[in-house]
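Working notes for the structure below.
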Amino acid sequence: MKDCLSDTVICSTGAPQGTVLSPVLFTLYTTDFCYNSESCHMQKFSDDTAIVGCIRDGQEGEYRSLVEDFVQWCKINHLLLNTAKTKEMVVDFRRPKRPLGVHLDNKLDWSANTDAIYKKGQSRLYFLRRLKSFNVCNKLLGMFNQSVVASVLFYAAVCWGGSTKKRDARRLDRLVRKAGSVVGAELESISSVAGKITLSKLLTIMDNEDHPLYNTIIQQISWRLLALTGRTDGLNK
């Protein structure tokens, strides 16, 4: 620096760890290996390197070739790869996402809808239990249950809540009880929550004169809502 010159120190074991110049020296030493194409590129940060490839129609030749070239370059330049910390992560976008909706069948008994809700609820309940195993507090568990688990169990309950079979309601209530045991609180049953959601929806319609069902509800003979009658028992259900 300026007129000051330090003594020469020979280091034969790589750049010393913790010095100011070590990151710069390592970057200069590894700067000659770089790659960037439309489907593959290399990302570097200090001594970490990531090879990213976009594989379409199973054509992964360029990606595999880049990995092999990088391994050979490391051997030639006397750099050891830490295989214990080397991982390959595959992100697959080919699998279509299942839409969250209401399932109808030709029997109109909501059994298919219950099966779909039960499967989704079980998968969400697994994550709730995992959080419990990490000693997450009950307050956060309750928030997670309300936003992730309950949102699936009570989705569109205003449609099917009052018409589902007792057997199907008991299946969903089991999931509610399991979630309650994890959260550490007694949660409301399916019928109770569905009733509150339906009443809230009804009051919202009655307060909105522009709603398509406003006149239908207001013109009822009494405050007891009358269901439309059908010619068959299945349609009545």
Side-chain angles (χ1 to χ4, degrees), residues 56-57 90-132 136 140-183 185-220 224-237:
R56 296 184 178 92
D57 301 325
V90 179
V91 181
D92 194 349
F93 296 100
R94 295 174 299 177
R95 187 175 180 180
K97 296 181 179 180
R98 294 184 177 181
L100 183 61
V102 180
H103 296 256
L104 298 174
D105 56 14
N106 57 349
K107 296 181 180 179
L108 297 178
D109 60 0
W110 303 107
S111 294
N113 185 67
T114 302
D115 293 339
I117 293 176
Y118 189 81
K119 291 179 181 179
K120 293 176 183 178
Q122 278 188 318
S123 62
R124 302 291 178 90
L125 190 60
Y126 166 78
F127 295 108
L128 183 64
R129 288 170 172 166
R130 289 291 294 170
L131 288 178
K132 181 69 173 181
V136 176
L140 290 179
L141 289 177
M143 295 172 59
F144 183 86
N145 174 72
Q146 190 66 25
S147 59
V148 177
V149 181
S151 61
V152 171
L153 296 180
F154 301 111
Y155 180 79
V158 67
C159 298
W160 52 265
S163 305
T164 186
K165 293 182 178 179
K166 292 183 179 181
R167 175 178 58 85
D168 294 333
R170 286 195 295 267
R171 292 179 62 194
L172 298 180
D173 281 335
R174 282 199 297 269
L175 290 181
V176 174
R177 288 194 296 270
K178 290 179 181 178
S181 63
V182 177
V183 175
E186 185 177 354
L187 304 178
E188 293 185 274
S189 64
I190 292 291
S191 59
S192 177
V193 176
K196 291 182 179 180
I197 295 176
T198 305
L199 180 59
S200 176
K201 185 66 175 179
L202 178 62
L203 295 177
T204 302
I205 296 174
M206 295 174 64
D207 291 337
N208 184 10
E209 296 182 1
D210 296 329
H211 196 281
L213 294 178
Y214 175 80
N215 292 330
T216 303
I217 295 177
I218 294 299
Q219 293 175 2
Q220 293 292 331
R224 291 182 56 196
L225 298 181
L226 305 179
L228 298 177
T229 58
R231 291 177 296 177
T232 63
D233 183 64
L235 184 58
N236 287 330
K237 289 183 179 181

Is there side-chain contact between [X] and [Y], with heavy atoms separated by less than 4.5 Å?
| X | Y | result |
| --- | --- | --- |
| F154 | I197 | yes |
| L128 | V183 | yes |
| M206 | H211 | no |
| K165 | D109 | yes |
| V182 | F144 | no |
| K132 | V136 | no |
| T114 | L172 | yes |
| S111 | R167 | yes |

Look only at the side chain of S151 and the backbone of V148, and say whether a donor-acceptor pair between them is shorter than 3.5 Å. yes
Would you find a donor on one side and an acceptor on the other, under 3.5 Å apart, between the side chain of S163 and the backbone of W160?
no
In Å and rounded to the nearest 0.5 Å, what is the [atom1] to [atom2] distance from [X] to [Y]?
| X | Y | atom1 | atom2 | answer |
| --- | --- | --- | --- | --- |
| Q122 | I117 | CD | CD1 | 13.0 Å |
| M143 | L131 | CE | CG | 12.0 Å |
| I205 | L213 | CD1 | CG | 5.0 Å |
| D115 | D168 | CG | CG | 7.0 Å |
| L203 | N208 | CG | CG | 12.5 Å |
| F127 | N145 | CZ | CG | 14.0 Å |

Please find the pair of heavy atoms, one from [X] and one from [Y], that lie closest to each other, and give the distance.
| X | Y | value |
| --- | --- | --- |
| W110 | V102 | CZ3-CG1, 3.3 Å |
| V176 | L153 | CG2-CD1, 4.0 Å |
| R124 | V152 | NH1-CG2, 3.1 Å |
| G161 | A194 | CA-CB, 3.7 Å |

**Asked** Would K196 and E188 pass as an ion pair if we require N to O under 4.0 Å?
**Response** yes
Review point. Counting only heavy atoms not in D57, do more than 12 fall under 6.0 Å of its CG?
Key: no
Should R171 and L175 be marked as a side chain to side chain contact (heavy atoms under 4.5 Å, CB included) after you check the CA-CA gap, both sets of side-chain angles, and the distance that decides it?
-> CA-CA 7 Å; R171 292 179 62 194; L175 290 181; over 6 Å; no
inquiry  = If you apply the rule side chain to side chain contact (heavy atoms under 4.5 Å, CB included), what do you find for L104 with N113, and how did you get there?
reply    = CA-CA 7 Å; L104 298 174; N113 185 67; over 6 Å; no
